[in-house]
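One structure is given here, and the rest of the page talks about it.
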Amino acid sequence: MTTEQSPDVPPKPVADYRASLNLPKTGFDMKANLTQREPAILARWKTENLYQQIRARQHTRGKWVLHDGPPYANGDIHMGHLINKVLKDMVVKYRTMQGHDAPYVPGWDCHGLPIESAIQKELGPKMRELSAGEIRLRCRDYAMKYVKLQSESFERLGILGQFDKPYLTLDPAYEGGVLDVLGSLLQRELVFRQRKPVHWCTFDQTALAEAELEYSNKKDTSIFVKFTMDLNSGSWPAAWGTKPQHAHVLIWTTTPWTIPANRAVAVHPEHQYAVATYEHNGPQVLILAAKRIATVMLQAGIAHYRISDSITGADLIAAGISYTHPLESSRRQPIIPAEYVTLDDGTGLVHIAPGHGTEDYQTGRKAGLDVYCPVLADGRYDQSVPEFLRGQSIWQSNEPIVQHLAAAGLLFHRQEIQHSYPHCWRCRKATILRATEQWFVRAGGNSPLLQQAKTFIEEVQWIPAWGKNRIAGMLETRPDWCISRQRSWGVPIPAFFAPNGEILLTEKSVRRVADYVRQHGADSWYTHSPQQILGADQWVDTALTAEGTTVAEHPFHTHELRKGNDILDVWFESGASHHAVLEATHPELGYPANLYLEGSDQHRGWFQASLLEAAGYRDTPPFKQILTHGFIVDSHGHKMSKSQGNDIKVSDALKQNGADVLRLWVASVDYQDDMPCSKELLERTSDAYRKIRNTIRYLLGNLYDFDLQENQTVPQEHSIDTWMLGRLAAMTAEVHKAYNQYEFHKVFRALYDFCNVDISTIYAKAIKDRLYCELPNDPRRRASQSVCAKLLLYLVELCAPILVFTADEVCRITHDVPGLKAMFGDSIHTHTFSPPPQPVAPELLAHWETLMPLVQDGLKQLDALKKASGLGNPLDSEAVITVPPDHPMAGLMTNYGRELEDVLGAGFHRIIPGDKLAVEVIDTREKYPSCARSWKRRPDVGSVAEYPDLSARDAAVVKALSQTLVN
RNA sequence: GGGCUUGUAGCUCAGUUGGUUAGAGCGCGUCACUGAUAAUGACGAGGUCAAUGGUUCGAAUCCAUUCAGGCCCA
């Protein structure tokens, strides 16, 4: 210890009383050093097998299950993972400490395109030489690598769960569970087969996913085509004037080759449509959007034309006029509504080919149109098109079609354009949209599945409440669910195809395959024969014919069957987890789960998939509560992205701050909204962490000689201890309420303010004198220590779900203090919350309500004295408290005076009668001597002759101590 | 473009059924202490409650529009 003093500081008093004080002592370091300390704690948890210990613990309350939504097993974890997993962990830890059995089984989504693409990239052209089975093996290794990597990252964040037995969607038991759900949907006749346009490469003859498209510029012929209206149908709108002899609707397209597949023309119901009339070999009458007429006429070089009044698209549809297919004069086709029609280009009337466009398809389905696709896998027209096109490649057909239209007088105008067009990422050739047979779940319109899902929504508690509205809106407009994908890495749709085109996919056959997959894994679909899989030479079952009808009791010869190549949409896989995990891979969890907790994007994703699949599997929803959180944004509220350079890497943040600080940050922001994050914000959180840590350190430091059994002392009624206990009771209630409603930012706020204001600013300051200066066993000291022990207990308990490492560290420190050993038991994480603290009598709290303003006033006066006369230390002042004799507190002020002196930090106090309850702070540097031990200036310093430099209290304490020393 | 959603001091959050000069903590600035000390305490400065318009005796709070974000679609 240094004894150096600067020359202008007066020499220290002769006697050094420091040793006679009870100064704080603790092994709990001020410096957290989380980056070093946390891994050590983590290692200990692993050796102790903490997760299993918690499972084996006596649970005073029932089971409570948070079912983990599986992150994708690809890449490092990012801030989104952090927020999600930490929120989940805080919930689980809170429920555990409430006494629930709250197991946490983490899961991973292991199948799907991103992994298959990564492997494809790795392998390059070699990919084509590999069988689906071989590709799947590599995909599996890839997925498992990232499961391990992410698993370690999650654990490093203090997330506790069954990481040694997670659920994986590539687990055969899980895959079997997925097929169980598919079987159940088949049983309820909710699965059907239908054409739908998908991106298609005619060179590779394969379907492409959105992610496999590369957009680049392409030259095309765009054409304006006149579709001849059938003026015998419907009724000519009066606003368009007298009905002409001939009229045409005018459409625009950049893909002339899709004209053969035209099945309708779409208009926007709210846009205005008019008639443009001009002369060209007689009067010409065109229908198009009023706003497009000028542009279109200019493009076609027609200078003179007349425009009629306009009507809305809705009125045009209502007029009910059909038109003639430009290449097939016998076809009459309708005009239908479509909201997506724009007036940015074209004519405001859109050529609809449901087999060759996604929007065309959707629009067509609503209007009940045939999904007609005359294009074969290699890009040639089939036999259903006009003769001049049969067998021709679509890539060579634009010109013949344009010529044909021109010859028929239907070509209004043509121009060459350059536009962004999707190309195949492998062969770089232009792709098309082509309708192919896909599997669907009947989940739109008035499907019973959808009805059931809607009733489920009502039975679930949505947090925040608007989540219900959001998902309800999504269900309202949702189409049937296309569950098939033309990929390799996933759970196969176990359909068998007979040589005559009959298909076997029934509840019975799927259940058989499910069992087979459970035994041999889904890879067996690719490596074993239909005979092996079905386990018989003949399989009698319902057959689906190529025409879409069913034939019951149809005998299939299994050796003739071919296995289908499609896999299930990965959302179907994860959406089956309510069965595949809660009942199949981890039946100890049980159905349903109490809570699903994910980002708000999962209203469309996992929540909806789960809801729909559960609706097709049973009659109760898979979750009781749904909690959603927002997304991480930067300090300006913009989304984080690598390309913007405003992203924060979890590994960096972890190195910089430690897991507990990151967890505290998660707790501190309102997750219902977007969550801003920046280095500065984490720095703030770090400050908050240090404050909490120091508060705990102060409490611990003053309990070094306290024994929970021996020294518990009830505080005197008028003591600041009582005020503190009142605050503790209020804080505890507030925090539990917030935890129960998952409002962690309120938990954080309450705990932080409690440390900052109630303990640090007010209480800790007030009790210093009695803790440090009184005899160790003095009742006032023991009472305050009793309160400190309570503060420590509740504070650490309530912090534990958030500050998992620090709480554990505190718990270990208490083990080293003999009197505190029993405080938290073996581990804070197997410990349950203490019963709420005893409430404090309201009248006692009311006393402090009236006294605290006096303290505020006193502090202002101290500040004024400091500025006016350099009074630096409040102990060099006295508080003169005036109280009217008839004031309700008058009789009590003798008790409260001493407490006020301490709360204010003054050296002395006097109570005098006055006309109002008030305090006056007086500089006593010239008035009283200072006690060398307590540093308080008071009149009784020197009153004990033996100790001329001490106040009466300190003299007595020192005397008593010296006597015990002698004995 | 559509559905849902957010916008209060530099930051994170409070602001009850619309009602006097809009609150807290942090951060910042100044000062004090040196017996919680890479701590602690005191005081202080910060806001036309995103903007505009409306309803009202009165609006951060209700309504409309706009602007700027976010998620999901198109």
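Any value given below was found using the heavy atoms of this structure, including those in side chains, with hydrogens, waters and symmetry copies removed. Letters A, B, ... are given to chains in the order of the sequence lines, protein chains preceding strands, and every chain is numbered from 1.
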Is a donor-acceptor pair below 3.5 Å formed from side chain A:Thr26 to base B:A36, judging by atom type as modelled? no
Distance criterion of 3.5 Å, no angle test: do you see the side chain of A:Arg470 paired donor-to-acceptor with the base of B:C71? yes
Identity of whatever pairs with [N] - Watson-Crick or G-U, under 3.5 angstrom:
N: B:C71; value: B:G3
N: B:A24; value: B:U12
N: B:G19; value: B:C57
N: B:A42; value: B:U30
N: B:U52; value: B:A64

Please verify the inter-ring angle class for A:Trp481 with A:Phe572; under 30° counts as parallel, over 60° as perpendicular, anything in between as tilted. tilted
Kindly point out which of [options] is positioned nearest to the side chain of [X]?
X: A:Ser760; options: B:G70, B:U12, B:U40; answer: B:U40
X: A:Lys866; options: B:U34, B:C71, B:A42; answer: B:A42
X: A:Asp863; options: B:A14, B:G35, B:A42; answer: B:A42
X: A:Val669; options: B:U12, B:A36, B:C43; answer: B:U12
X: A:Asn756; options: B:C71, B:U40, B:C26; answer: B:C26
X: A:Trp935; options: B:G70, B:G35, B:U12; answer: B:G35
X: A:Lys746; options: B:G27, B:A14, B:G25; answer: B:A14
X: A:Lys768; options: B:G70, B:A36, B:C71; answer: B:A36
X: A:Leu859; options: B:G69, B:C72, B:A42; answer: B:A42
X: A:Asn873; options: B:U34, B:C13, B:A74; answer: B:U34

Which whole-number value in Å describes the distance from [X] [atom1] to [N] [atom2]?
X: A:Tyr698; N: B:A36; atom1: OH; atom2: C1'; answer: 7 Å
X: A:Ile632; N: B:G69; atom1: CD1; atom2: C1'; answer: 15 Å
X: A:Trp665; N: B:G25; atom1: CH2; atom2: P; answer: 24 Å
X: A:Arg697; N: B:U37; atom1: CZ; atom2: P; answer: 5 Å
X: A:Leu875; N: B:U34; atom1: CG; atom2: C1'; answer: 13 Å
X: A:Asp673; N: B:U8; atom1: CG; atom2: P; answer: 9 Å
X: A:Leu792; N: B:A36; atom1: CG; atom2: P; answer: 18 Å
X: A:Glu734; N: B:G25; atom1: CD; atom2: P; answer: 15 Å

Let me know, please, whether A:Asp753 or A:Pro874 comes out on the 5' side of the other along RNA chain B by nearest nucleotide. A:Asp753
Between A:Leu681 and A:Arg684, which is nearer to the 5' end of RNA chain B once each is assigned its nearest nucleotide? A:Leu681
Quick check against the 3.5 Å criterion: does A:Arg470 have a side-chain atom that pairs as donor or acceptor with the backbone of A:Ser600? yes
Using a 4.0 Å heavy-atom cut-off, does [X] contact any base of the nucleic acid, only the sugar-phosphate backbone, or nothing at all?
X: A:Glu359; answer: sugar-phosphate
X: A:Gly872; answer: sugar-phosphate
X: A:Arg693; answer: nothing

For residues [X] and [Y], is any side-chain donor paired with an opposing acceptor at under 3.5 Å?
X: A:Lys691; Y: A:Ser760; value: yes
X: A:Tyr689; Y: A:Asn657; value: no
X: A:Asn702; Y: A:Tyr772; value: no

OP1 or OP2 of [N] under 4.0 Å from side-chain N/O of [X]:
X: A:Lys25; N: B:A36; value: no
X: A:His268; N: B:G1; value: no
X: A:Thr761; N: B:G41; value: yes

For A:Gln656, is the CD atom crowded, meaning more than 12 foreign heavy atoms sit under 6.0 Å from it? no
Any cation-pi pair here, A:Arg693 with A:Phe28, using under 6.0 Å and within 45°? yes
Would A:Tyr772 pass as stacked on B:G35, i.e. its ring centre under 5.5 Å from the base's six-membered ring centre and planes under 30° apart? no
Syn within 90° of 0, anti beyond: B:G46 is syn
In terms of side-chain geometry, is the basic nitrogen of A:Arg780 or A:Asp902 positioned less than 4.0 Å from the acidic oxygen of its partner? yes
Pairwise P distance for B:G25 and B:C67, with rounding to whole Å: 38 Å
Span that lies between the C1' atom of B:G44 and that of B:U5, in whole angstrom: 39 Å
